[in-house]
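To keep things clear, I will list the structure first and then write my remarks on it.
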Amino acid sequence: MESLTTEFKLEMYRRMVRIREFELAAMDVFKRGLIKGTVHPYIGQEASGVGVCMALRPDDLIAGTHRSHGHNIAKGADPARMMAEIFGKEAGYCRGRGGSMHIAAFDTGSLGALAVVGSGIPIAVGAALGFRMQGKDSVAVPFTGDGGTSTGNFHESLNMAAIWKLPVIFVVENNKYAVSTYYRDAVSTDDLSVRAAGYGIPGVNVDGFDVLAVYAAAHEAVARARRGDGPTLLVTESYRIEGHYAGEPEVYRSREEVNAQRQKDPIVRFAEVLTSDGTATPEELQEIQSAEAARMVAAVEFARSAPMPDPATAMDYIYA
Amino acid sequence: MESLTTEFKLEMYRRMVRIREFELAAMDVFKRGLIKGTVHPYIGQEASGVGVCMALRPDDLIAGTHRSHGHNIAKGADPARMMAEIFGKEAGYCRGRGGSMHIAAFDTGSLGALAVVGSGIPIAVGAALGFRMQGKDSVAVPFTGDGGTSTGNFHESLNMAAIWKLPVIFVVENNKYAVSTYYRDAVSTDDLSVRAAGYGIPGVNVDGFDVLAVYAAAHEAVARARRGDGPTLLVTESYRIEGHYAGEPEVYRSREEVNAQRQKDPIVRFAEVLTSDGTATPEELQEIQSAEAARMVAAVEFARSAPMPDPATAMDYIYA
Amino acid sequence: MTTPTRDAVSLGAKSPVMSSDLIVQVPAGTPATEKTMAEAIREALAEEMERDPRVFLLGEDIGKHGGAFGVTRTLFDRFGPERVRNTPISENSIVGAATGAALVGMRPVAEIMFVDFSGLAMDQIANQAAKLHLMTGGQARVPWVLRMPQGGGAGKSTAAQHSQSLEVWYAHIPGLKVLLPSTPYDAKGLLKAAIRDDNPVIFLEHKLLYSFKGLVPEEEYVLPIGKCDVKREGSDVTVVASGYMVWHAMAVAQLLEPEGVSVEVVDVRTVSPLDEETIGASTRKTGRLLVVAEASRSYGPTGEWAMVAMEQAFDYLKAPIQRLAGRFSPVPFADSLENGMWPTTADVVGAIHNLMQY
Amino acid sequence: MTTPTRDAVSLGAKSPVMSSDLIVQVPAGTPATEKTMAEAIREALAEEMERDPRVFLLGEDIGKHGGAFGVTRTLFDRFGPERVRNTPISENSIVGAATGAALVGMRPVAEIMFVDFSGLAMDQIANQAAKLHLMTGGQARVPWVLRMPQGGGAGKSTAAQHSQSLEVWYAHIPGLKVLLPSTPYDAKGLLKAAIRDDNPVIFLEHKLLYSFKGLVPEEEYVLPIGKCDVKREGSDVTVVASGYMVWHAMAVAQLLEPEGVSVEVVDVRTVSPLDEETIGASTRKTGRLLVVAEASRSYGPTGEWAMVAMEQAFDYLKAPIQRLAGRFSPVPFADSLENGMWPTTADVVGAIHNLMQY
Ligand SMILES: Cc1ncc(C[n+]2csc(CCOP(=O)(O)OP(=O)(O)O)c2C)c(N)n1
Ligand SMILES: Cc1ncc(C[n+]2csc(CCOP(=O)(O)OP(=O)(O)O)c2C)c(N)n1
Ligand SMILES: [Mg+2]
Ligand SMILES: [Mg+2]
């Protein structure tokens, strides 16, 4: 891995901050009753999505989950159109048909967030198969949570990608909980990356609070996949700072536990790296933060005032 | 493992021979058009089923597959009632409702053969859960083939049994083919037992032509399960000597390959052990073979002459 | 169903304030308490767990968290982690495990968080559990209950993968029983019956109804599986409906009473096996039939109900059978599109007027 | 359906010798060859693969082995292992992979060995593929075809887990198209249309029909999806049927001609979206309707067809709509019980007599 340019590192930081600000804004509009549906915040996990997606090209594809605001932004999606989507507006990425759990942004390589846990994984495998048949060297990246590793899809897909040597990076974001379930109560191993050996593929476990570490691991996995050497299982270890969804009561864990994890804030941590290695001054980073916060104010404004889908279009998009 | 009595070893041999003779008889009646449906012969794999089931108690349960004549006989089922079942007769274990692919013999601890590949596995996990909740020390044994390891069920069940430390022995019978598919074209690892590590449970690979080796491995896994120490993944390596089903064309492999494997005949091999260690004379073993062969003649006769289910009972057994 | 007036006569149909007086099932004088459907279900579970040690619960996050809709809340503290068992996200194996436990004599009540996810478990439900009894010639019994919330329009816009009504997938499969209660009273009595039944029972709970209130007797009771329930007698029109749609029917029946239209409401609270006699008898009595379901229109439950009425009461029909059903579309997120997905009280009024004026 | 006379008028209905003259779809003079349905399907696959490099096949044992029914035999040698791709036994992920490949511009034709096993893939079929187009506001297109053999009574007694007809599971889900051809001609033309369609298409092949023969034109042709096909015109009775049941209807139509009963046969070769107009028009014309399906009776396709006819032609009905359908039971292995599972020609004759004598 060549050393990263200042511009690149600042873009990483910017996207992490953008995710954070988007999630704060989304939780806020939800709390204020401005949107319906649910919001599953990615706060605390920003380094995972950004580390992975910054290692991808625009023509590489990601497949998301119910918790994919962060993945979409990391891959380059426009927060305003995302905000419009969670407001259910025609200007949203999915013309208001998808909502928070289903944001797809085909123009930036996000082929959809699927809210049935695990269901995006084989779809990404199929996209990788398609790339290979088309003679492209693009890769496909399904994201899943620790909970999602218990699904049959996870296993079937790892096996399939392994035997066909497909360009897939399976990213498991172990944020320690699946709704109320601590991962060790549902996952039969401490380190999920050890499962890779059972498929004859590399398994990597990386600190999911450290964007550079995630990036390095993803970069290597992507290079391997592009070379035609097959899939990698990449596990990022982080923590879900917010409730499962905005407003979720969190009866299953203590405030102390959450607060301890909050100290690991991946954005603060990366800011320290960037300032200590001279990439940026605290003021420059603050500017990024302010710009992204302002951007979200504008995004909410845009989304609020955008029109709803016309009821007369209710029968559109059922069949292509 | 205490050393095995003569009686016990001869019972092992007898069951292996019984399976072989049953399968030969079943293939014969199928070829002669006396039965409908299909027959999936277990020939070549007798040591696997018998080695495992002889390590079980009557109150332990097995769950089978489309290829479970052998499992049923190994667990103690009556070949005559099994034969009646594949003839679709009321005297069959399932009153003719199940047929070859669905023989269940609750009285000897076989809770059913399920023809959707992989589907018996979670059912066995549930049986083990039931045993545990009832305070029993019985164990449950789902059989599956190499092909069945690619199903989501396989993974979900291993994980579930591992986290709950359930008394399950997952037996994977790697007979090298799933219909026409060589196992390495569908399974992403040479040795399926390495997958156990991903679940934090023991994985054992054993020569599936060697009944004593299978027994020893099963015995240990069963002891472990009964002690409450959780599941084991036990892989038996053998070979499917016959076609996938009786009469299947086998366009995907050579006669030479099959013939080479045929040399490993688990019954011949065990006979050599029994005669060379003085357990039995060749004549005694021949007697067992003759008795079992005669038994199958009688079983076929019984099955042929037994009455069909009465059409007036067509609405029975839909609801309990 | 897309007429702009459809909400004009809405009685707050999509909100929990819809009056529980619309359906009174406990005779005056019987000691009873008002409960929500969620409470009634929880009570049924707790009573059956007390009564029978073989009964236990399994599902995702049903423990401390109490499940996605809080239905099992408090049961974890009361019965402990063995009998209120959190599972991994493995829908097919949750059902498979329930089947296995049932085969060795337990009586599991499994939960799938949303009926939509049962797509992952269809094999265990429809190919294994439903068929084992017949396939083994009666050796196997699979006495489990599978609880699944379903339905849309919780005013929450949960979109395409969390809003379906899928009773037909199950009702079409012989060997399964399928229940869909509309009231707290029915939910409790039917769930207790389901737990005691020796067959796999699909128990569908409409999300909107969890907070609906109704009187539930203090005394133990169990309701019969396999019968429709005539929720209201009438002489001019029969409305056959189930789940949430029963409330629309009841609201409209009350609304039309002053107009002199007498509406009989038949609640298909057992979706399968279907009680064809009650549908037939009511249709013969009124001669006018409206069938209403939330499930999507094509190949949904309404066709079956209408066919049965036709088989049983053709000569009595004074007008073509009318139907109202879910729009044949995946459920969109946006409010402006989710509105119009499902039949409303206004739609029911319109259809009944059509029947009367035919 | 359980009358002892049901086989009395059997025309060899359950065997491949049933005369292909019953259905002639190629005008005299058009160059055509007699082919089995398996051959016709293979030809459609091969032609589309030649025409469009994006088309490829995936499924279990479809390579050298040619699939469970030999349908893809020879295609592996012709197109190689990349385009005729053997998969592991992972039904949900086979469909998921097809969806992913479709999303990036391929046109996969996936195969599930028996429709029964699609219970393992319902999530990918019904929750993902069917909904992606709407859920993404039109960004996603999922142009795949999922081929699945279905149906029972192959004279082979394949029992409960290999004999079902499950078109309703799919037809009930908006976003899917569901086809069920009855002849080699239809199979070829519809499969080509399905491959060219931009939506997920469920293509159901009745196992008994694989060996049925019929004329298939030499020239390329593509049939319309979304329309019923009137297989025979008549004036006294309409029989609406699909798949194997169409042959029963045609056989009986011929049988009753000398009696002076003129039977119209409407083949619902597109099960969904349903062509309501053709069913309505035919029912208005004849005034008598019989609906016949092999799928199990309750909540099966017959209810929907009858409801549609009722909506479209109530005033024209001279008799109650009759239906014939699969016995509401898991399919038993024994011959003596499998007989009687599905409607026979005798049943069709009986039902038509009922309609005529009403
Ligand atoms: C198949 C399925 N089962 C259950 C659910 C309900 N559900 C939504 S999110 C979730 C937990 C997912 O946990 P994890 O994969 O760790 O992702 P995280 O929420 O932590 O990002 C569950 C159980 C679902 N959406 N899909
Ligand atoms: C879920 C499912 N998919 C496909 C089939 C068709 N099928 C029957 S047996 C079989 C191969 C099974 O291979 P394996 O598990 O190795 O068992 P073996 O036949 O070798 O004993 C297949 C694909 C099935 N029965 N179930
Ligand atoms: Mg998680
Ligand atoms: Mg095998």
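Chain letters run A, B, ... following the sequence lines, proteins first, then strands; residues in each count from 1.
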Among the options A/Val125, A/Asp316, A/Leu129, pick out the one with the most heavy-atom pairs lying under 4.5 Å from chain D. A/Leu129
If you tally heavy-atom pairs under 4.5 Å against chain D, which of A/Pro309, A/Gly98, A/Ser119 wins? A/Ser119
Spatial distance of atom OG (D/Ser90) from atom NE2 (A/His155) [nearest 0.5 Å]: 6.5 Å
How about A/Met160 and D/Pro88: do any of their side-chain heavy atoms sit closer than 4.5 Å? yes
Of the listed A/Arg97, A/Glu156, A/Arg95, the one with the largest count of heavy-atom pairs under 4.5 Å with chain D is A/Glu156
If a pair satisfies salt bridge (Lys or Arg N to Asp or Glu O under 4.0 Å) and one of its residues is in residues 299-309 of chain A, list it, with sequence neighbours excluded. none
Residue part contacting chain D, namely of A/Ile163, when any heavy atom lies under 4.5 Å: side chain
Any donor-acceptor pair under 3.5 Å linking the side chain of A/Gln134 with the backbone of D/Val104? yes
Can you tell me which portion of A/Asn159 sits under 4.5 Å from chain D's heavy atoms? Options are side chain, backbone, both or neither. side chain
Does any backbone or side-chain atom of D/Leu120 lie under 4.5 Å from a heavy atom of chain A? Answer side chain, backbone, both or neither. neither
How far apart are the closest heavy atoms of A/Ala104 and D/Gln139, and which atoms are they? O-NE2, 3.0 Å
Start with the C-alpha gap between D/Leu103 and A/Phe106, add the side-chain angles, then the distance that decides, and say whether side chain to side chain contact (heavy atoms under 4.5 Å, CB included) holds. CA-CA 10 Å; D/Leu103 287 176; A/Phe106 273 46; 4.2 Å; yes
For chain D, the option from A/Gly130, A/Gly92, A/Pro122 that forms the most heavy-atom pairs under 4.5 Å: A/Pro122
Sub-4.5 Å side-chain heavy-atom contact between A/Ile123 and D/Gln124: yes
Of all of D/Asn127, D/Asp197, D/Leu134, which one pairs up most often with chain A through heavy atoms under 4.5 Å apart? D/Leu134
Residues, nucleotides or ligands: over 12 heavy atoms within 6.0 Å of D/Lys64 NZ: no
Rounding to 0.5 Å, atoms CG (D/Asn86) and CH2 (A/Trp164) come to a distance of 9.0 Å
So how far is it from D/Ile225 CD1 to A/Tyr319 OH, rounded to the nearest 0.5 Å? 10.5 Å
What I'd like to find out is whether the side chain of A/Cys94 reaches to under 4.5 Å of the side chain of D/Met135, using heavy atoms alone. no
Are the side chains of D/Arg83 and A/Met133 in contact, using a 4.5 Å heavy-atom criterion? yes
Non-hydrogen atoms of chain A under 4.5 Å away: do they reach the side chain of D/Asn92, the backbone, both or neither? both
Please look at A/Leu61 and chain D and tell me whether the side chain, the backbone, both or neither of the residue comes under 4.5 angstrom of a heavy atom of that chain. side chain
Flag the one option from A/Gly126, A/Ser157, A/Ser138 with the top tally of heavy-atom pairs under 4.5 Å to chain D. A/Gly126
If you count heavy-atom pairs under 4.5 Å between each of A/Glu85, A/Met101, A/Arg132 and chain D, which one has the most? A/Arg132
Flag side-chain contact, heavy atom, 4.5 Å: A/Leu111 against D/Thr136: no
Under a 4.5 Å heavy-atom cut-off, does chain A meet the side chain of D/Arg54, its backbone, both or neither? neither
I need the residue from D/Lys131, D/His133, D/Met106, D/Gln128 with the largest number of non-hydrogen atom pairs under 4.5 Å to chain A. D/His133
